[in-house]
Number of protein chains: 2
Amino acid sequence: MHEQKEHLFLIFENLIRIKSECSCGIFSECTLSDITLKQIHYLKTIDQNKEVTFSRLAEITRNSKPTITEMINKLVRMECVYREPCQHDGRIAYIRLTGRGEMIARAEQKALEQVIERLMDSLDDQEINLLIEILKKVR
Amino acid sequence: MHEQKEHLFLIFENLIRIKSECSCGIFSECTLSDITLKQIHYLKTIDQNKEVTFSRLAEITRNSKPTITEMINKLVRMECVYREPCQHDGRIAYIRLTGRGEMIARAEQKALEQVIERLMDSLDDQEINLLIEILKKVR
DNA sequence: TACTAATTAGTTAGGGATTACCTAATAATA
DNA sequence: TATTATTAGGTAATCCCTAACTAATTAGTA
């Protein structure tokens, strides 16, 4: 019982290590070592809300519009987002993620994808199916 | 093949969700919603280096001693660390983690432990052994 | 219909609190 | 005299604000 737990702990630590190596890889590819938690959070919010404008982002994050302008200017300088003017209304600009911005916003997800690929390379078909059946049961 | 991947992705997302629920639980137990990444990093460094003094922590983190004094004062106010004067040398104080400080420094680890307990509750002995055998192969 | 008035979207200007660093000087101990 | 930690004073960046502004659009009215 206790031995099993120890085993599982080591195995999952290994998986987590692989995953964080992958996500570090993603971040260092973006060469943004001093990005802040807030900035990452803004990028995720932009990623999750399609067609987001300055006013809308201010609303979602419950900040003032000048705060959003400032934050977006910063993220533009970091090459994570850009402004796309609305075709139909000259007052409106949409905030879009660049490739780099999207990479950062989805780093967790992408790292997980890489871990799964590693997993699929290491195991045969039957083992993968077995793994799926077992882990499905965890709630 | 692609279906397996999709399955695995959903299953691991679920595990990660469980884990981050656990670690959020740990953090909210500590009632420290506005702790910074730097502060967490200092706590981890203190946890990993036994008998660490102000000078030593300055050396490890490559900061000046006044920076360390200030940071430790902040962490003391947050009840995450305390000073323990050295018995043999009145100039020296060791930096020790409080229960709360240790909780935060090891949140990841503790969350993983909770996930594994959940896993062991959901699976029988044979399944656990099978899981260990399969996941062992991932490198 | 055309023109003014009001509204809306985003920006600028100026400011404040906090974090996280620094050097120089100082106090206490070895 | 050397070492450990602290105090004093300062800087830069982040992340937030209000008030005032510009430009674009919409509504109201003559």
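In what follows, chains are A, B, ... by sequence order, proteins preceding strands, each numbered from 1. No hydrogens, no waters, no symmetry mates; every other heavy atom, side chains included, goes into these values.
Under the 4.5 Å side-chain heavy-atom criterion for Ile, Leu, Val, Met, Phe, Trp and Tyr, A:L135 and B:M120 are members of the same hydrophobic cluster. Hydrophobic clustering (side-chain heavy atoms under 4.5 Å, transitive across Ile, Leu, Val, Met, Phe, Trp, Tyr) groups B:F12 together with B:I116.
OP1 and OP2 of C:dT23 both lie 4.0 Å or more from every side-chain N or O belonging to B:S64. Side-chain N/O atoms of A:R83 include one lying less than 4.0 angstrom from OP1 or OP2 on C:dT11. Between C:dT11 and A:T69, a contact under 4.0 Å exists linking OP1 or OP2 to a side-chain N or O.
Contacts between residues 40-48 of chain A and DNA chain D, counted as heavy-atom distances below 4.0 Å, involve A:Y42.
Protein atom CD1 of B:I35 is 13 Å distant from nucleotide atom C1' of C:dT19, rounded to whole Å. Atom-to-atom, CD1 of A:I72 to C1' of C:dA9 comes out at 14 Å; the value is rounded to the nearest Å. Between A:R56 atom CZ and C:dA9 atom P the separation is 12 Å, expressed in whole Å.
The residue among A:S55 and B:E70 whose nearest nucleotide of DNA chain C lies closer to the 5′ end is A:S55.
For DNA chain D, the span of nucleotides reached by chain A at under 4.0 Å from its heavy atoms goes, 5' to 3', from D:dT14 to D:dT25.
Side-chain contact of B:Y42 with B:N63: a donor-acceptor pair under 3.5 Å is present, judged by distance alone.
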